[in-house]
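Worksheet for the structure shown next.
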Amino acid sequence: MYKSLLFSLVFSVYSFIVLAQTAENLKLTRSDLVGMEETRFSVYEENSLWGYINGGADIYLEYGFKELMAQNFVWESEPFKVDVYVMANPEAAFGIYSISKFSCKAEGKAGTYSCINPYQVQVAHGNLYVSVIAYNGTSRSMELATQIAKKIVAKHRAKPLLIPTIFESKSLAIDKSKIKLINGPLAIQNAYATLEKTFDGIDNYSIWIAPLADNADKVEVVYVIFQKSEQRELIEQRMIENNQIIIKSNGSKLVFFSGKNVEDYQPQLLEISKYLGQL
């Protein structure tokens with residue numbers, strides 16, 4: 001028993017040290033960006049995150065926040081603000097990225113999952129969610145911000161994000177750049193409010209949402225993974241009562257279409273059915 005307690009204590013201390021090293025190792029220095037002048041550097045944990053982003057902290061904690069590295073600096077005469085959120089796993093990092101990105105003018109240039117708009121570069125890389133804000137918003141500052149994001153990505157050996165197989169079909173024509181991952185009530189409120197009432201009172205789930213490409217009805221494939229089959233049964237019953245079409249359910253998993261005139265998308269329904277045996 002004492003050996004077990006000692007092992008647990010050692011493992012906890014080791015995990016804390018490794019976590020602290022993760023944040024410290026992500027800090028950018030002059031060896032990364034020649035001539036940079038740092039003006040601020042801080043590391044935030046779960047208990048101090050509210051002090052940094054105030055009311056916005058809860059949604060990060062809902063996804064699985066571990067630690068934040070925040071840094072401000074001037075590089076090439078341009079001011080930048082860098083936030084690197086260390087999340088629990090790649091799904092948590094991608095989830096935050098997927099509901100936070102907006103007005104992307106370019107995607108994929110700073111990483112597989114990255115979004116560039118006139119004032120911000122956002123990246124999901126392994127268990128990291130990276131935000132680089134370029135205050136000037138010029139084309140030059142955005143080029144520099146993209147370089148900064150790439151430097152951070154290069155510092156971190158990422159575990160791959162596993163997108164559900166159901167979204168990998170080429171003939172299904174999923175718009176993969178717009179996939180969202182939702183796993184709690186705050187995320188639903190922020191990113192998919194139409195499901196808020198249906199999922200009221202349910203927790204511990206993951207909702208993957210992906211729109212079909214080039215469809216005027218904006219039909220989306222929604223794939224839900226619950227912790228328990230009883231949760232799935234409750235949600236399925238609620239959807240039936242609201243006349244929502246259910247494609248398939250199996251154990252703790254559920255797939256359905258969301259949007260207008262979903263019954264008109266029979267070819268896509270048939271394509272999805274090829275993958276449902278893997279649920």
Q. What distance do L68 atom CG and S131 atom OG have between them, rounded to the nearest 0.5 Å?
A. 10.0 Å

Could you go through residues 102-119 and list every donor-acceptor pair under 3.5 Å that involves a side-chain atom there, pairing it with any protein atom two or more places apart or in another chain?
unit_1	atom_1	unit_2	atom_2	d
E107	OE1	K101	NZ	3.2
S114	OG	G108	N	3.0
S114	OG	K109	N	3.2
S114	OG	A110	N	3.1
S114	OG	G111	N	3.3
S114	OG	G111	O	2.9
N117	OD1	Y119	N	3.0
N117	OD1	Q120	N	2.9
N117	ND2	F102	O	3.2

Q.
Which residues pass the side-chain contact (heavy atoms from CB on, under 4.5 Å) test with K260, not counting sequence neighbours?
A. D217

Q. Quick one: are I99 and I59 in side-chain contact, heavy atoms under 4.5 Å?
A. yes

Q.
Any non-hydrogen side-chain atom of V130 less than 4.5 Å from a side-chain atom of Y97?
A. no

Q | Any side-chain donor near an acceptor of the partner, Y129 and Q122, under 3.5 Å | A | yes

**Q.** 4.5 Å side-chain heavy-atom contact, V224 and I235
**A.** no

Q. Shared ILVMFWY cluster between I179 and I225, side chains joined below 4.5 angstrom?
A. yes

(Q) More than 12 heavy atoms of other residues, nucleotides or ligands under 6.0 Å from CZ of R157: yes or no? (A) no

**Q.** Any residue meeting side-chain contact (heavy atoms from CB on, under 4.5 Å) with K159, in chain and number order, not counting sequence neighbours
**A.** P90

Q: Might you work through the side chain to side chain contact (heavy atoms under 4.5 Å, CB included) test for Q231 and L234, ending with a clear yes or no?
A: CA-CA 5 Å; Q231 294 174 313; L234 175 58; 5.9 Å; no

Q) What pairs with E37 under salt bridge (charged side-chain N to carboxylate O under 4.0 Å, His left out), at least two apart in sequence or on another chain? A) R30

Q. Any side-chain heavy-atom pair from V86 and M69 closer than 4.5 angstrom?
A. no

Under 3.5 Å, which donor-acceptor pairs do the side chains of residues 72-81 form with other protein atoms, sequence neighbours left out?
unit_1	atom_1	unit_2	atom_2	d
W75	NE1	V34	O	3.1
E78	OE1	N136	ND2	2.4
E78	OE2	R140	NH1	3.2
K81	NZ	Y52	OH	3.1
K81	NZ	D83	OD2	2.6

Q. What are the two closest non-hydrogen atoms of L28 and Q71, and how far apart are they?
A. O-NE2, 2.8 Å

Could you give the side-chain donor-acceptor pairs of residues 184-213 under 3.5 Å, partners two or more places apart or in another chain?
unit_1	atom_1	unit_2	atom_2	d
N190	ND2	L186	O	2.7
Y192	OH	E220	OE1	2.5
Y192	OH	S258	OG	3.1

Q | Selection residues 155-206 - residue pairs positive for disulfide (SG to SG under 2.5 Å), sequence neighbours left out | A | none

**Q.** Approximate separation, where rounding is to 0.5 Å, of E91 CD and I163 CD1
**A.** 8.5 Å

Q. To the nearest 0.5 Å, how far apart are CG in L161 and CG in L181?
A. 8.0 Å

Q) Which pairs, with at least one residue in residues 141-156 and sequence neighbours excluded, count as a side-chain hydrogen bond (donor to acceptor under 3.5 Å, both in side chains)? A) D32-K155, N127-H156, T138-S141

Q) Are F167 and L254 connected, step by step, through hydrophobic side chains (Ile, Leu, Val, Met, Phe, Trp, Tyr) whose heavy atoms are closer than 4.5 Å? A) yes

Q. Taking side chain as C-beta onward, heavy atoms only, is E45 less than 4.5 Å from F65?
A. no

Q: Not counting sequence neighbours, which residues clear side-chain contact (heavy atoms from CB on, under 4.5 Å) with I53? List them please.
A: L49, A57, Y60, Y85

Q: Please list all pairs passing the salt bridge (Lys or Arg N to Asp or Glu O under 4.0 Å) test where one or both residues lie in residues 222-243, with sequence neighbours left out.
A: R232-E236

Q | Main-chain N/O of Y44 paired to S48 side chain as donor or acceptor, under 3.5 Å | A | no

Q.
Please say yes or no: joined through hydrophobic side-chain contacts below 4.5 Å, possibly via intermediate residues, are I152 and Y135 part of one cluster?
A. no

Q | Qualifying disulfide (SG to SG under 2.5 Å) pairs with a residue from residues 52-83, counting only residues at least two apart or across chains | A | none

Q.
Does anything in residues 147-196 form a disulfide (SG to SG under 2.5 Å)? List the pairs, not counting sequence neighbours.
A. none

Q | Within one Ile-Leu-Val-Met-Phe-Trp-Tyr cluster: I133 and V121, side-chain cutoff 4.5 Å | A | no

Q: Please name the pair of heavy atoms, one in N89 and one in A92, separated by the smallest distance, quoted to 0.1 Å.
A: OD1-N, 2.8 Å

Q. Minimum heavy-atom separation for G251 to S229, with atom names?
A. O-CB, 3.5 Å

